[in-house]
Amino acid sequence: DAKTTQPTSMDCAEGRAANLPCNHSTISGNEYVYWYRQIHSQGPQYIIHGLKNNETNEMASLIITEDRKSSTLILPHATLRDTAVYYCIVRVENYGGSQGNLIFGKGTKLSVKP
Amino acid sequence: DGGITQSPKYLFRKEGQNVTLSCEQNLNHDAMYWYRQDPGQGLRLIYYSQIVNDFQKGDIAEGYSVSREKKESFPLTVTSAQKNPTAFYLCASSIRPKRVGYTFGSGTRLTVV
C-alpha cells in the first residue's frame with residue numbers, strides 16, 4: 001500500500017502557483033520523497049525528489065517540513081499543460097530487496113483552468 | 001535520443017490468447033519494471049528485474065510472465081490465466097535498482113474482447 005495521503009483533486013488558475021500537499025506521517029529516516037506526474041494516457045514523468053532539504057529544479061520546488069511528515073510540491077506558474085495526476089511517493093534508497101520499488105497511490109488530479 | 005519504447009501503443013486480443021508486450025530501452029539502465037494501471041487507479045507493480053537473467057514478482061504477478069535475456073529488453077507476456085487483462089501497461093527503467101528516478105515508456109493499452 002502507498003505510504004502517502006494526497007487530496008483526490010485540486011484546481012488551479014492558469015499562471016498561478018499550484019501547491020500540491022502530501023502527507024507521509026510514517027516516513028522513515030532513510031526514505032526519500034518523490035514526485036511524479038502522469039498526463040492522460042501517457043507514462044509517468046519524474047519531477048523531483050528530496051530527503052529533508054527543500055529542492056528546486058526547472059520544473060518545480062519541493063518543500064519538506066522539518067519533521068518530514070508532510071511535503072508540498074509547488075509549480076510556480078501553472079499552465080494548461082500541467083493538468084495531470086500528481087503522485088507523491090516515499091521510498092528508500094538501497095540496492096537490494098523490494099523496499100525501494102516505487103509504489104503509486106491514486107495521486108492528486110490537478111486541473112489547471114484558463 | 002535515449003529512451004524507453006513500448007510497442008504497440010494499442011493492442012486487441014481475443015479472450016484466451018497469450019499476448020506479449022514489448023519494452024526496449026537504450027539508456028543502459030540496469031533495472032526494468034512492468035506496471036499495470038486500471039482506470040482511475042494508481043500503478044501496480046507486476047514484475048521487475050534488477051539485472052539480466054534475473055527478475056522478481058511484484059504485487060500482482062499472477063497470470064503474467066517476463067524474461068530478461070538482454071539488458072535492453074524486458075518483454076511481458078499476458079497469459080490466458082490473467083482473469084482481467086484489459087488495462088494500460090507501463091514499462092519503466094532505472095540506472096540501478098532503487099536509485100534515483102524511473103524513466104517510463106508511453107504505455108500499451110491492451111483490450112481483450
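Below, chains carry the letters A, B, ... as their sequence lines are ordered, and counting in each starts from 1. The structure displayed is predicted, hence computed values, not measured ones.
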In terms of heavy-atom proximity below 4.5 Å to chain A, should [X] be classed as side chain, backbone, both, or neither?
X: B:Arg109; answer: side chain
X: B:Gln56; answer: neither
X: B:Leu90; answer: side chain
X: B:Gln37; answer: side chain

- Polar contact flag, side-chain donor to acceptor under 3.5 angstrom, B:Asn28-B:Lys71: yes

- d(B:Arg13 CZ, B:Thr86 OG1) to nearest 0.5 Å is 12.5 Å

- Less than 4.0 Å between a side-chain N and a carboxylate O, is that true for A:Arg68 and A:Glu31? no

- Task: Tell me whether the centres of the aromatic rings in B:Tyr33 and B:Tyr102 are closer together than 6.0 Å.
- Result: yes

